[in-house]
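Step one of this worksheet: look at the structure below.
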Amino acid sequence: IASKEGRKSRTAVQIIAKGWSVGAGDVPITKVLLKPETGRRHQLRVHTALIGNPIVGDCTYATGRPTFDPFQAPRMMLHASELNLSFGDGKGALVFRSPADFLINRFYG
């Protein structure tokens, strides 16, 4: 929670891969799966920044971290790989999937 007046929020984090970013030299990056358990504005961005691992390309919350030029991070590297929409009547749901297109140059650990 960013302030005492803020509402509680939780995010589950799972490491997918560790490596070095494409075109950024020796800047280590970690590809993670983030599962928000609550739905707060900027929740994923705030939580990753608070644990010291802001989202690549996040100009708002990634203070004091290595910067990436537009070629290396033309946008914030936050991607919804799956979106589930359930209908309130319990009769159905829609599921949309789109694999992330982020590249990791060299893997480690």
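Ile15 and Leu33 end up in different hydrophobic clusters when Ile, Leu, Val, Met, Phe, Trp and Tyr side chains are linked at under 4.5 Å. Under the 4.5 Å side-chain contact rule for hydrophobic residues, Leu78 and Val13 share a cluster. At a threshold of 4.5 Å between side-chain heavy atoms, the hydrophobic network of Ile, Leu, Val, Met, Phe, Trp and Tyr places Leu85 and Phe87 in one connected group.
At least one side-chain heavy atom of Val46 sits under 4.5 Å from a side-chain heavy atom of Tyr61. Side chains of Ser81 and Arg97 form no contact here, defined as non-hydrogen atoms less than 4.5 Å apart. A 4.5 Å side-chain heavy-atom check between Val95 and Glu82 finds at least one atom pair inside the cut-off. For the pair Gln14 and Val32, the minimum side-chain heavy-atom distance is 4.5 Å or more. In this structure, Leu34 and Thr48 have side chains that are in contact, with non-hydrogen atoms separated by less than 4.5 Å. The shortest distance between side-chain heavy atoms of Thr38 and Gln43 falls below 4.5 Å. When side chains are defined from C-beta on, Met76 counts as touching Arg45, because their heavy atoms get closer than 4.5 Å.
Residue Arg40 holds its CZ atom at 11.0 Å from NZ of Lys8, rounded to the nearest 0.5 Å. If you take NZ on Lys35 and CG on Leu44, they are separated by 12.5 Å, rounding to the nearest 0.5 Å. Rounded to the nearest 0.5 angstrom, His47 NE2 and Asn53 CG are separated by 14.0 Å. The CZ atom of Arg7 sits 10.5 Å away from atom CZ of Arg41, with the distance rounded to the nearest 0.5 Å.
Taking both residues in full, the closest heavy atoms of Ser86 and Ala93 are given as CA-CB, 3.9 Å, listed atom of the first, atom of the second, then distance.
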